[in-house]
Amino acid sequence: MSLADQVLSGDIRAAARMMRDIDDNRPHAVEELKRLYPHTGKAYIIGITGPPGAGKSTLVDQLTASFRKKGKKVGVVAVDPTSPFTGGAILGDRIRMNRHASDEGVFIRSLATRGALGGLSRSTSDVALVMDALGMEVVIIETVGVGQDEVDIVKTAHTTCVVMVPGLGDDIQAIKAGILEIGDVFVVNKADRDGADRTARELTTMLEMRNAPEGSWNPQVLKTEAQRGAGMDELAGEILAHRDFLFTSGLIANFVRERNQRHFVDILRDGLYRHAMAFMERDGMLERIVDGMGDNTIDPYSAAEDVIARMTGGAAEP
């Protein structure tokens, strides 16, 4: 049996090997993904994003428990900061979810960002596909928590939950970060802290001030205490309500189409980049371009145009 066939049969170890190969960018992993792809598209993907210290990992742990109580099989993709020494994930998120390690209905995978911006690893979408093919009904993706620029999750997840906590400082941080546009559910975690009611009230007010199109989803602001498990069933219920809205309104079709286009373009971009680098390295072209830039005999704009033209059957070598 191929690795893909083993994953489709429910083999957890095969899925773990395949995710490792995907993250390590091994060539044969692409062939396995080709076999898996026709069997995907069933899992519901939930994104959890927010600033560092918001309690995202603890919230994911409790949310996983809530979905398990509903009988759902849950996959978790925890995107961790990259270790400056090994290049791997620091694994802090997985440590917080350790109680699910013996549950066969839960699969947890940590990924390192490896320099990728936007809060996700480059392999996140493909790893989520493997979990989908493995039979995980819900896949929760926790972003790294880098702050205001991690909006990639909204392009991947059906439902995006933005987690905030009281006392982060700036009262209009949510507006500055643009999170009002990416969140489907807003969570004020650590609601036992002073200022939780105020934070929830301000988020609600800002959401009410949006000029949302008629008939669009109306995001709610929920308060949770993930450390104690308070408010988690309500959060799971709100996520499922958003899922129902997407399907009953027909918006799910547009979302899936746009996500598929972005996924394809990302794969195409990475493939073209690798092809271009291999093309230039064959006869030292890259070095000649860089040397020419150093003494101003070559400008990078013309050089890039010439490389593209040569790759597609055109111009003279710079």
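With hydrogens and angles ignored, the 3.5 Å screen pairs a side-chain donor or acceptor of Asp132 with a backbone N or O of Ala43. Using a distance-only test at 3.5 Å, with no hydrogens or angles considered, no donor-acceptor pair links the side chain of Glu225 to the main chain of Ala191. Lys56 places a side-chain N or O within 3.5 Å of a backbone atom of Gly50 that can act as its donor or acceptor partner. No donor-acceptor pair closer than 3.5 Å links the side chain of Trp217 to the backbone N or O of His242. One N or O on the side chain of Asn189 and one on the backbone of Ala54 form a donor-acceptor pair closer than 3.5 Å. Gln220 places a side-chain N or O within donor-acceptor distance of the main-chain N or O of Asn218, the cut-off being under 3.5 Å.
Separating the CZ atom in Phe255 from the NE2 atom in His158 is a distance of 5.0 Å, to the nearest 0.5 Å. Taken to the nearest 0.5 Å, the OG1 atom of Thr160 stands 10.5 Å off from the CD1 atom of Ile45. With rounding to the nearest 0.5 Å, the separation of CE in Met293 from CG in Asp299 is 8.5 Å. Remark: Arg109 CZ to Met18 CE distance equals 12.5 Å, nearest 0.5 Å. Separation of atoms CG (Asp5) and CG (Leu36) is listed at 8.5 Å; rounding is to 0.5 Å.
No side-chain heavy atom of Lys72 sits less than 4.5 Å from a side-chain heavy atom of Tyr44. The closest side-chain heavy-atom distance from Met277 to Leu286 is below 4.5 Å. Using a 4.5 Å heavy-atom cutoff, the side chains of Ile108 and Thr64 are not in contact.
Under a 4.0 Å N-O distance rule, the pair Asp192/Arg228 does not qualify as a salt bridge. Comment: Arg20 does not engage Asp23 in a salt bridge, judged by the lack of any side-chain N to carboxylate O separation of less than 4.0 angstrom.
Here the closest non-hydrogen pair linking Ala303 and Ile289 is CB-CG2, 3.8 Å.
Other residues, nucleotides and ligands place no more than 12 heavy atoms under 6.0 Å from the OH atom of Tyr37. The local environment of CG in Asp295 is crowded, with over 12 non-hydrogen atoms from other residues, nucleotides or ligands closer than 6.0 Å.
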side-chain contact (heavy atoms from CB on, under 4.5 Å) between Ile239 and Val138, worked out: CA-CA 11 Å; Ile239 290 169; Val138 174; over 6 Å; no
Could you please spell out the steps behind the side chain to side chain donor-acceptor pair (under 3.5 Å) verdict for Asp126 and His263? CA-CA 9 Å; Asp126 290 335; His263 192 194; 3.1 Å; yes
Name the atoms and distances for all side-chain donor-acceptor pairs under 3.5 Å in residues 6-15, with sequence neighbours left out.
| unit_1 | atom_1 | unit_2 | atom_2 | d |
| --- | --- | --- | --- | --- |
| Gln6 | OE1 | Arg17 | NH2 | 3.2 |
| Gln6 | NE2 | Met1 | O | 3.3 |
| Ser9 | OG | Gln6 | O | 2.7 |
| Asp11 | OD1 | Arg13 | N | 3.0 |
| Asp11 | OD1 | Ala14 | N | 3.1 |

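Follow the hydrophobic side-chain contacts under 4.5 Å out from Tyr301 and you never reach Val307; the two are in separate clusters.
Residues in residues 236-259 take part in no salt bridge (Lys or Arg N to Asp or Glu O under 4.0 Å) pair, two or more places apart or across chains. Listed by first and then second residue, the salt bridge (Lys or Arg N to Asp or Glu O under 4.0 Å) pairs involving residues 28-45 are Glu31-Lys34, Glu32-Arg35 (not counting sequence neighbours).
His39 is linked by a side chain to side chain donor-acceptor pair (under 3.5 Å) to nothing, counting only residues two or more places apart in sequence or in another chain. Judged as a salt bridge (charged side-chain N to carboxylate O under 4.0 Å, His left out), and not counting sequence neighbours, Arg274 has no contacts. Looking at residues two or more places apart in sequence or on another chain, you find no side chain to side chain donor-acceptor pair (under 3.5 Å) involving His275.
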